[in-house]
Amino acid sequence: MALTGRTALLAALGSLPVGVFAPSWTGMLAVNAPLSLAILCDYALAAPVRTLRFTRSGDTSVRLGDTAEVQLTVTNTSRRSLRAQLRDAWPPSSWASGTERRASRHTLTIPAGEQRRLVTVLRPTRRGDRQAERITVRSYGPLGLAARQGQHRAPWTVRILPPFTSRKHLPSRLARLRELDGRTSVLTRGEGTEFDSLRAYVPGDDTRSIDWRATARQSAVAVRTWRPERDRHILFVLDTGRTSAGRVGDVPRLDASMDATLLLTALSMRAGDRVSLLAYDRQVRARVQARTASGNVLPTVINTLATLEAELIETDARGLSNAALTDAPRGSLIVLLTTLEAAPIEEGLLPVLSQLTQRHTVLVAAVSDPRIEEMANARGTVESVYDAAAAGQAQADRRRTADRLRRHGVVVVDATPDNLAPALADTYLALKAAGRL
């Protein structure tokens, strides 16, 4: 028997797909039949969501702090005009605030058989890969009384690279490097120097630099000059254990270590040295093999560091040492970016340090907390005096740990996050100037 009246209406509403948006069942019992029929017709005239086609284009990488634009092209393949609201979902860390997150919501109208391009602007707050999630479309009928809803996927990945804020220090360090690299040759030969040229003797020059054979062939006394040796090997070892996860100021220690690594990588490449990278805690987390001096390894290092994260586990110092010995040829500079906390150094690094210092020049770089220095200088209240005493004790412990490392022949750089990168670059240039590299 055919259904009529309100019974027919409820039966028709019961057959609607889950994606349809209409008044509640209680409300539907109270409306008249013409309005209900209008809602059904509106739903029937809404463009289908399932037949929509999506393609993406745009940025695939961006530095942390910058914006990325991802274009989403929507093609309406149906015979009905599409009137819709669309949400292009990305991870929450793709924006700094809820206001910026609204950029992922779009209102669009696409006639049958046409397409529109939407732009979603991302401003990520963390490093790593950000992958597009679901695309949710709500397609309304001409009257806006009912809508179909469905989801699609259009894969796309944007890699968020380290910000490399220390690149502002690069021009001044390159100028100093040019002075060292042949423009101001030294008279004393060191382990990390190579012969540069001969010049006439000047009173005050070291007599040990006189080249007697060259002097015998000419009427003037000739002296040898030396310059820092090129094509040396530098291995960056990033400790990705639990201590690197601690935040100093606004950034994790690991991120400050990355920034220092990038500055010294750019500088050492211009010096003609070969660079490799190793990230380790209890296993190798990342590795970049050394290239020839003419190769540009900086983009590879930046791309590798983008997805590197600290692990909340204790670093295996013996395993780290063995991995470094495997990757570094004899006579390398090993730059170990780790902590200066007494327990990890004394229990982990010191017992295996001799294995590294016997074959290589070892430089330990650590991030110090500027808040400790502020506390150490605070006065005026009882609480600030206690804070100053605790900060002074912490500073004394770091100095003792650094002194123990220096007694083992290690070069130590201890600086705040903003100063670590230039301090490490200055130490590298000092080693070059002294002929130790």
Side-chain angles (χ1 to χ4, degrees), residues 166 169-199 201-202 204-211 223-237 257 260-276 290 293 324 328-338 340 349 353-366 399 401-415 419-437:
S166 63
H169 301 290
L170 187 58
S172 60
R173 270 60 185 184
L174 288 176
R176 292 175 55 186
L177 178 64
R178 287 192 292 269
E179 294 178 359
L180 290 175
D181 192 12
R183 293 194 177 184
T184 54
S185 301
V186 296
L187 291 176
T188 304
R189 182 179 185 180
E191 181 182 353
T193 57
E194 58 185 3
F195 176 74
D196 181 44
S197 61
L198 293 171
R199 67 168 175 81
Y201 176 83
V202 177
D205 287 344
D206 190 343
T207 57
R208 292 174 297 178
S209 63
I210 296 176
D211 189 321
V223 295
R224 299 188 189 95
T225 60
W226 310 86
R227 67 177 181 181
E229 187 175 347
R230 301 176 67 87
D231 198 25
R232 301 305 296 269
H233 188 278
I234 301 175
L235 172 63
F236 292 96
V237 181
S257 299
T261 299
L262 294 179
L263 179 62
L264 190 50
T265 296
L267 182 62
S268 57
M269 279 175 20
R270 295 292 292 272
D273 293 332
R274 291 174 291 120
V275 174
S276 59
R330 190 175 187 87
S332 300
L333 171 64
I334 296 180
V335 181
L336 175 58
L337 294 113
T338 184
L340 275 183
L349 183 60
L353 192 58
S354 60
Q355 302 176 17
L356 298 175
T357 55
Q358 288 176 1
R359 299 179 56 185
H360 308 286
T361 300
V362 180
L363 191 160
V364 171
R399 286 194 294 268
T401 302
D403 289 341
R404 293 196 63 179
L405 291 173
R406 292 187 180 101
R407 287 196 294 270
H408 284 77
V410 176
V411 180
V412 179
V413 175
D414 186 18
N419 297 324
L420 181 64
L424 187 58
D426 290 341
T427 303
Y428 167 80
L429 293 172
L431 292 173
K432 283 279 190 184
R436 296 183 59 185
L437 181 61

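Note that the coordinates shown come from a computational prediction; the quantities given were computed from them, not determined experimentally. Position 1 is the first residue of the sequence; numbering continues from there.
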Q. Given the rule in the side chain to side chain contact (heavy atoms under 4.5 Å, CB included) test, do Leu405 and Leu340 qualify, once you have shown the distances and angles that lead to the verdict?
A. CA-CA 10 Å; Leu405 291 173; Leu340 275 183; 3.7 Å; yes
Q.
Suppose we screen for salt bridge (Lys or Arg N to Asp or Glu O under 4.0 Å). Which residues come up paired with Arg406, at least two apart in sequence or across chains?
A.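 Per chain and number, Arg406 pairs via salt bridge (Lys or Arg N to Asp or Glu O under 4.0 Å) with Asp403.
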In Å and rounded to the nearest 0.5 Å, what is the [atom1] to [atom2] distance from [X] to [Y]?
{"X": "Glu179", "Y": "Leu429", "atom1": "CD", "atom2": "CG", "answer": "10.0 Å"}
{"X": "Leu356", "Y": "Thr361", "atom1": "CG", "atom2": "OG1", "answer": "11.0 Å"}
{"X": "Thr357", "Y": "His408", "atom1": "OG1", "atom2": "NE2", "answer": "7.5 Å"}
{"X": "Ile234", "Y": "Thr261", "atom1": "CD1", "atom2": "OG1", "answer": "11.0 Å"}

**Q.** Sidechain N-carboxylate O distance under 4.0 Å for Asp426, Arg176
**A.**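 Counted as a salt bridge, because a side-chain N and a carboxylate O are separated by less than 4.0 Å.
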Tell me the closest heavy-atom pair linking [X] and [Y], and the distance in Å.
{"X": "Ala365", "Y": "Leu420", "result": "CB-CD1, 4.2 Å"}
{"X": "Gly409", "Y": "Arg436", "result": "O-NH2, 4.5 Å"}
{"X": "Arg407", "Y": "Arg404", "result": "NH2-CG, 3.1 Å"}
{"X": "Tyr428", "Y": "Ala271", "result": "OH-CB, 3.3 Å"}
{"X": "Val275", "Y": "Met269", "result": "CG2-CG, 4.5 Å"}
{"X": "Leu177", "Y": "Leu267", "result": "CD2-O, 3.8 Å"}

Q | side chain to side chain contact (heavy atoms under 4.5 Å, CB included) between Leu336 and Val410, worked out | A | CA-CA 10 Å; Leu336 175 58; Val410 176; over 6 Å; no
Q) So, Arg173 side chain and Leu264 main chain: donor-acceptor pair closer than 3.5 Å or not? A)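 Absent.
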Q: Kindly write out the residues that satisfy side chain to side chain donor-acceptor pair (under 3.5 Å) with Thr338, not counting sequence neighbours, or none if the list is empty.
A: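 With neighbours one apart ignored, the set is Asp239.
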Q: Starting from the C-alpha separation in whole Å, work towards a yes-or-no answer on side chain to side chain contact (heavy atoms under 4.5 Å, CB included) for Leu333 and Leu363.
A: CA-CA 7 Å; Leu333 171 64; Leu363 191 160; 4.2 Å; yes
Q: Kindly write out the residues that satisfy side chain to side chain contact (heavy atoms under 4.5 Å, CB included) with Ser332, not counting sequence neighbours, or none if the list is empty.
A: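 In terms of side chain to side chain contact (heavy atoms under 4.5 Å, CB included), with neighbours along the sequence ignored, Ser332 is linked to His233, Ala328, Pro329, His360.
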